[in-house]
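Along the sequence shown, the residues carry numbers beginning at 1.
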Amino acid sequence: GGSPTASGGTPGYSYAWSPATGLSSTTIPNPNVFGITTSQLYSVVVTDANGCTSSDAVLVNVLPSNVLANAGNDGAICAASGNTVQLGGSPTAIGGTPGYTYNWSPAAGLSSTTAPNPVAQPGTTTTYFVTVTDSKGCFAVDSVVVTVYPRPSANAGIPQTICLGNSVTLGGSPTAFGGLAPYTYAWSPSVGISNATASNPTANPTANTTYCVTITDANSCTASACAAITVNPNP
(Lines give C-alpha, C1' and ligand atoms only; values in the text may rest on other atoms or scores of the structure.)
Protein backbone atom coordinates (compact mmCIF):
# COMPACT_ATOMS: atom_id res chain seq x y z
CA GLY A 1 0.00 0.00 0.00
CA GLY A 2 0.88 3.64 -0.33
CA SER A 3 1.06 6.58 2.02
CA PRO A 4 -1.86 6.88 1.94
CA THR A 5 -3.25 3.83 0.18
CA ALA A 6 -6.52 5.69 -0.48
CA SER A 7 -7.16 9.40 -1.14
CA GLY A 8 -9.93 11.49 -2.54
CA GLY A 9 -13.55 10.42 -2.74
CA THR A 10 -15.32 10.37 0.61
CA PRO A 11 -13.18 9.15 3.55
CA GLY A 12 -14.30 6.05 5.37
CA TYR A 13 -12.45 3.66 3.07
CA SER A 14 -12.49 -0.13 3.04
CA TYR A 15 -9.78 -2.29 1.46
CA ALA A 16 -9.82 -5.66 -0.29
CA TRP A 17 -6.45 -7.15 -1.18
CA SER A 18 -6.04 -10.27 -3.31
CA PRO A 19 -4.74 -12.90 -3.44
CA ALA A 20 -4.48 -13.56 0.31
CA THR A 21 -1.33 -15.68 -0.06
CA GLY A 22 1.47 -14.27 2.10
CA LEU A 23 -0.53 -11.28 3.36
CA SER A 24 -0.80 -10.41 7.05
CA SER A 25 -4.31 -9.07 6.33
CA THR A 26 -6.50 -8.52 3.26
CA THR A 27 -8.52 -5.64 4.75
CA ILE A 28 -5.96 -3.14 6.09
CA PRO A 29 -4.37 -0.33 4.05
CA ASN A 30 -0.75 -1.53 4.45
CA PRO A 31 -0.47 -5.30 4.94
CA ASN A 32 2.86 -7.07 5.29
CA VAL A 33 3.99 -9.77 2.89
CA PHE A 34 5.92 -12.77 4.19
CA GLY A 35 6.65 -16.40 3.39
CA ILE A 36 6.18 -16.25 -0.37
CA THR A 37 8.76 -18.11 -2.48
CA THR A 38 7.95 -16.66 -5.93
CA SER A 39 7.12 -13.16 -7.13
CA GLN A 40 3.45 -12.24 -6.65
CA LEU A 41 1.19 -9.55 -8.11
CA TYR A 42 -1.21 -8.13 -5.51
CA SER A 43 -4.24 -5.99 -6.29
CA VAL A 44 -6.30 -3.81 -3.97
CA VAL A 45 -9.82 -2.49 -4.39
CA VAL A 46 -10.58 0.61 -2.32
CA THR A 47 -14.21 1.52 -1.61
CA ASP A 48 -15.08 4.91 -0.12
CA ALA A 49 -18.01 5.84 2.13
CA ASN A 50 -20.27 6.42 -0.89
CA GLY A 51 -19.56 3.00 -2.41
CA CYS A 52 -17.30 4.35 -5.11
CA THR A 53 -14.34 2.11 -5.93
CA SER A 54 -10.84 2.30 -7.32
CA SER A 55 -8.21 -0.37 -7.82
CA ASP A 56 -4.44 -0.65 -8.16
CA ALA A 57 -1.83 -3.41 -8.21
CA VAL A 58 1.74 -3.91 -7.03
CA LEU A 59 4.30 -6.58 -7.87
CA VAL A 60 6.30 -8.05 -4.98
CA ASN A 61 9.48 -9.60 -6.32
CA VAL A 62 11.15 -12.50 -4.53
CA LEU A 63 14.87 -12.23 -5.09
CA PRO A 64 16.81 -15.47 -5.50
CA SER A 65 19.39 -15.65 -2.72
CA ASN A 66 21.53 -18.34 -1.15
CA VAL A 67 23.09 -16.08 1.49
CA LEU A 68 24.31 -18.05 4.51
CA ALA A 69 25.54 -16.93 7.93
CA ASN A 70 28.35 -18.60 9.87
CA ALA A 71 28.61 -17.51 13.52
CA GLY A 72 31.69 -19.69 14.05
CA ASN A 73 32.48 -22.56 16.38
CA ASP A 74 31.34 -22.71 20.00
CA GLY A 75 34.00 -21.55 22.44
CA ALA A 76 34.75 -21.36 26.15
CA ILE A 77 36.58 -19.04 28.54
CA CYS A 78 37.32 -19.07 32.25
CA ALA A 79 35.52 -16.49 34.36
CA ALA A 80 37.55 -13.39 35.27
CA SER A 81 40.53 -14.68 33.29
CA GLY A 82 40.73 -11.97 30.65
CA ASN A 83 40.41 -14.59 27.91
CA THR A 84 38.28 -13.92 24.84
CA VAL A 85 36.67 -15.84 21.97
CA GLN A 86 36.56 -14.57 18.40
CA LEU A 87 33.15 -15.04 16.83
CA GLY A 88 32.18 -15.54 13.22
CA GLY A 89 33.47 -17.77 10.49
CA SER A 90 36.02 -17.40 7.75
CA PRO A 91 33.99 -15.88 6.17
CA THR A 92 30.96 -15.05 8.32
CA ALA A 93 28.79 -14.36 5.23
CA ILE A 94 28.60 -16.72 2.27
CA GLY A 95 26.71 -16.50 -1.01
CA GLY A 96 23.94 -14.06 -1.77
CA THR A 97 25.03 -10.71 -3.17
CA PRO A 98 28.19 -9.26 -1.57
CA GLY A 99 27.95 -6.00 0.30
CA TYR A 100 27.00 -7.66 3.58
CA THR A 101 26.01 -6.06 6.87
CA TYR A 102 26.24 -7.83 10.23
CA ASN A 103 24.12 -7.53 13.35
CA TRP A 104 25.20 -9.46 16.47
CA SER A 105 23.08 -9.82 19.58
CA PRO A 106 23.06 -9.60 22.52
CA ALA A 107 25.61 -6.79 22.68
CA ALA A 108 26.86 -7.68 26.19
CA GLY A 109 30.50 -8.75 26.13
CA LEU A 110 31.06 -7.98 22.43
CA SER A 111 33.79 -5.73 21.03
CA SER A 112 31.42 -4.80 18.17
CA THR A 113 27.87 -5.68 17.10
CA THR A 114 28.45 -4.84 13.42
CA ALA A 115 31.83 -6.45 12.66
CA PRO A 116 32.01 -9.80 10.84
CA ASN A 117 34.35 -11.27 13.51
CA PRO A 118 33.88 -9.52 16.86
CA VAL A 119 35.62 -10.57 20.06
CA ALA A 120 33.43 -11.91 22.88
CA GLN A 121 34.14 -11.77 26.61
CA PRO A 122 30.81 -12.46 28.33
CA GLY A 123 30.42 -12.65 32.08
CA THR A 124 28.14 -15.68 31.88
CA THR A 125 27.48 -18.40 29.32
CA THR A 126 25.86 -16.65 26.34
CA THR A 127 24.36 -17.64 22.99
CA TYR A 128 25.20 -15.02 20.36
CA PHE A 129 23.18 -14.59 17.16
CA VAL A 130 24.37 -12.98 13.93
CA THR A 131 22.06 -11.74 11.20
CA VAL A 132 23.82 -11.36 7.86
CA THR A 133 22.07 -9.16 5.29
CA ASP A 134 23.31 -8.97 1.70
CA SER A 135 23.10 -5.97 -0.63
CA LYS A 136 19.69 -7.16 -1.94
CA GLY A 137 18.19 -7.20 1.56
CA CYS A 138 18.18 -11.00 1.84
CA PHE A 139 19.33 -12.30 5.20
CA ALA A 140 20.33 -15.39 7.16
CA VAL A 141 20.82 -16.08 10.87
CA ASP A 142 23.25 -18.31 12.77
CA SER A 143 24.26 -18.69 16.42
CA VAL A 144 27.26 -19.64 18.55
CA VAL A 145 27.59 -20.46 22.24
CA VAL A 146 30.36 -19.04 24.44
CA THR A 147 30.57 -21.03 27.68
CA VAL A 148 31.99 -19.32 30.77
CA TYR A 149 33.52 -21.79 33.21
CA PRO A 150 33.70 -20.93 36.93
CA ARG A 151 37.23 -20.14 38.00
CA PRO A 152 38.89 -22.26 40.71
CA SER A 153 40.79 -20.94 43.74
CA ALA A 154 44.19 -21.94 45.14
CA ASN A 155 45.46 -22.08 48.73
CA ALA A 156 49.24 -22.39 49.22
CA GLY A 157 48.85 -22.43 52.99
CA ILE A 158 49.72 -19.89 55.68
CA PRO A 159 53.17 -18.31 56.17
CA GLN A 160 55.28 -20.51 58.43
CA THR A 161 58.58 -20.33 60.31
CA ILE A 162 60.91 -23.32 60.74
CA CYS A 163 64.39 -23.97 62.05
CA LEU A 164 67.13 -24.82 59.57
CA GLY A 165 66.99 -28.54 58.81
CA ASN A 166 63.30 -28.93 59.57
CA SER A 167 60.57 -29.47 57.01
CA VAL A 168 57.11 -27.98 56.49
CA THR A 169 53.96 -29.13 54.68
CA LEU A 170 52.74 -26.73 51.99
CA GLY A 171 49.25 -26.13 50.72
CA GLY A 172 45.86 -25.90 52.33
CA SER A 173 43.08 -28.22 53.24
CA PRO A 174 42.25 -28.32 50.39
CA THR A 175 44.89 -26.66 48.23
CA ALA A 176 42.41 -26.36 45.32
CA PHE A 177 38.68 -25.69 45.45
CA GLY A 178 35.96 -24.37 43.16
CA GLY A 179 36.01 -24.79 39.41
CA LEU A 180 35.79 -28.40 38.28
CA ALA A 181 37.81 -31.25 39.82
CA PRO A 182 40.12 -33.07 39.32
CA TYR A 183 42.97 -30.60 39.70
CA THR A 184 46.65 -30.63 38.78
CA TYR A 185 49.32 -28.83 40.84
CA ALA A 186 52.60 -27.13 39.95
CA TRP A 187 54.80 -25.76 42.77
CA SER A 188 57.70 -23.39 42.29
CA PRO A 189 60.50 -23.11 43.01
CA SER A 190 60.82 -26.88 43.03
CA VAL A 191 64.11 -26.88 44.99
CA GLY A 192 63.60 -28.42 48.40
CA ILE A 193 60.12 -29.77 47.61
CA SER A 194 59.37 -33.48 47.94
CA ASN A 195 56.94 -33.50 44.99
CA ALA A 196 56.30 -30.37 42.90
CA THR A 197 53.04 -31.82 41.50
CA ALA A 198 51.44 -32.93 44.80
CA SER A 199 48.65 -31.02 46.50
CA ASN A 200 50.47 -30.92 49.86
CA PRO A 201 54.18 -31.54 49.32
CA THR A 202 56.83 -31.33 52.01
CA ALA A 203 59.39 -28.55 51.73
CA ASN A 204 62.82 -28.41 53.35
CA PRO A 205 64.23 -25.00 52.39
CA THR A 206 67.68 -23.87 53.56
CA ALA A 207 66.83 -20.17 53.27
CA ASN A 208 63.77 -17.95 53.37
CA THR A 209 61.62 -19.05 50.42
CA THR A 210 58.24 -18.09 49.00
CA TYR A 211 56.58 -21.13 47.45
CA CYS A 212 53.81 -20.63 44.88
CA VAL A 213 51.36 -23.15 43.51
CA THR A 214 49.41 -22.94 40.26
CA ILE A 215 46.38 -25.20 40.12
CA THR A 216 44.57 -26.19 36.94
CA ASP A 217 41.07 -27.64 36.97
CA ALA A 218 39.38 -30.01 34.52
CA ASN A 219 38.24 -27.07 32.37
CA SER A 220 41.88 -25.84 32.09
CA CYS A 221 41.06 -22.83 34.26
CA THR A 222 43.91 -21.81 36.57
CA ALA A 223 44.54 -20.05 39.86
CA SER A 224 47.68 -19.32 41.89
CA ALA A 225 48.63 -18.66 45.50
CA CYS A 226 51.88 -18.26 47.47
CA ALA A 227 53.12 -18.87 51.00
CA ALA A 228 56.30 -17.52 52.56
CA ILE A 229 58.47 -19.88 54.61
CA THR A 230 60.97 -18.28 56.99
CA VAL A 231 64.03 -20.33 57.97
CA ASN A 232 65.74 -19.44 61.26
CA PRO A 233 69.38 -20.49 61.77
CA ASN A 234 70.10 -22.95 64.55
CA PRO A 235 72.00 -21.65 67.60
Please, which pairs that meet disulfide (SG to SG under 2.5 Å) have at least one residue in residues 139-199, sequence neighbours excluded? none

Without swapping roles, check the side chain of Asn200 against the backbone of Gly172 for a donor-acceptor pair under 3.5 Å. yes

Correct closest heavy-atom pair for Ile94 and Tyr100 would be C-OH, 4.0 Å

Without swapping roles, check the side chain of Asn155 against the backbone of Thr175 for a donor-acceptor pair under 3.5 Å. no

For the student: nearest non-hydrogen atoms of Ile28 and Tyr15, plus distance: O-CB, 4.0 Å

Would the distance check show the side chain of Asn117 and the main-chain N or O of Leu87 forming a donor-acceptor pair, the cut-off being under 3.5 Å? yes

If you group Ile, Leu, Val, Met, Phe, Trp and Tyr by side-chain heavy-atom gaps below 4.5 Å, do Val44 and Val60 land in one group? yes

Exam field: side chain Ser190 to backbone Ser188, donor-acceptor pair closer than 3.5 Å: no

Between Thr47 and Thr53, is any side-chain donor less than 3.5 angstrom from a side-chain acceptor? no

Which pair of heavy atoms, one from Pro11 and one from Ala49, lies closest together, and at what distance? O-CB, 3.4 Å

Please tell me whether Val130 and Leu68 are part of a single hydrophobic cluster in this structure, the criterion being side-chain heavy atoms less than 4.5 Å apart. no

For atom CG of Asn73, is the number of surrounding heavy atoms from other residues, nucleotides or ligands below 6.0 Å larger than 12? no

Leu170: which other cluster members, linking ILVMFWY side chains closer than 4.5 Å, directly or transitively? Ile162, Leu164, Val168, Tyr183, Tyr185, Trp187, Ile193, Tyr211, Val213, Ile215, Ile229, Val231

Which distance, rounded to the nearest 0.5 Å, do you find between the OG of Ser43 and the CH2 of Trp17? 8.5 Å

Looking at residues at least two apart in the chain, or sitting in another chain, which of them share a side chain to side chain contact (heavy atoms under 4.5 Å, CB included) with Asn30? Thr5

For Ser24 and Asn32, indicate whether the former's side chain and the latter's backbone hold a donor-acceptor pair under 3.5 Å. yes

Is there a donor-acceptor pair under 3.5 Å between the side chain of Asn61 and the backbone N or O of Ser39? no

Can Thr214 and Ser224 be counted as having a side-chain donor-acceptor contact under 3.5 angstrom? yes

Minimum heavy-atom distance Leu110-Ala120, with the two atoms named: CD2-CB, 3.8 Å

Looking only at atom types and distance, does a side-chain atom of Thr113 sit under 3.5 Å from a main-chain N or O of Asn103, one as donor and one as acceptor? no

Could you report the tightest heavy-atom contact between Ala218 and Ala181, atom names first, then the distance? CB-O, 3.7 Å

In sequence, state the C-alpha distance, the side-chain angles, and the governing distance for Leu41 and Val58, and then conclude on side chain to side chain contact (heavy atoms under 4.5 Å, CB included). CA-CA 6 Å; Leu41 181 67; Val58 61; 5.9 Å; no

For Asn50 and Thr10, does a side-chain donor sit closer than 3.5 Å to a side-chain acceptor? yes

Show the nearest heavy-atom pair for residues Thr97 and Lys136, with the distance to one decimal. OG1-CG, 3.4 Å

Any donor and acceptor pair, going by atom type alone, linking the side chain of Thr126 with main-chain N or O of Thr124 inside 3.5 Å? yes

Nearest 0.5 angstrom please: Asn83 CG to Cys78 SG, how far? 6.0 Å

Given the rule that I, L, V, M, F, W and Y join up when any side-chain heavy atoms are under 4.5 Å apart, are Trp104 and Val145 in one cluster? no

What pairs with Cys212 under disulfide bond (SG atoms under 2.5 Å apart), at least two apart in sequence or on another chain? Cys226

Exactly one candidate in Asp56, Thr26, Leu59, Val33 meets side chain to side chain contact (heavy atoms under 4.5 Å, CB included) with Tyr42; the answer is Val33

Using a 3.5 Å cut-off and no angle test, enumerate the donor-acceptor pairs between side-chain atoms of residues 146-154 and protein atoms at least two apart in sequence or in another chain.
unit_1	atom_1	unit_2	atom_2	d
Arg151	NE	Thr222	O	3.1
Arg151	NH1	Ala80	O	2.8

How many angstroms lie between OG1 in Thr202 and CG in Asn166, if you round to the nearest 0.5 Å? 12.0 Å

Which residues satisfy the side chain to side chain contact (heavy atoms under 4.5 Å, CB included) test with Ser111, sequence neighbours excluded? Pro118, Val119

Take Asp48 and Val46 through the side chain to side chain contact (heavy atoms under 4.5 Å, CB included) test and state the conclusion after the steps. CA-CA 7 Å; Asp48 73 0; Val46 177; 6.0 Å; no

Find the distance between OH (Tyr102) and OG (Ser112) and round it off to the nearest 0.5 Å. 11.5 Å

Examine distances only and state if a side-chain atom of Ser25 and a backbone atom of Thr27 form a donor-acceptor pair shorter than 3.5 Å. yes

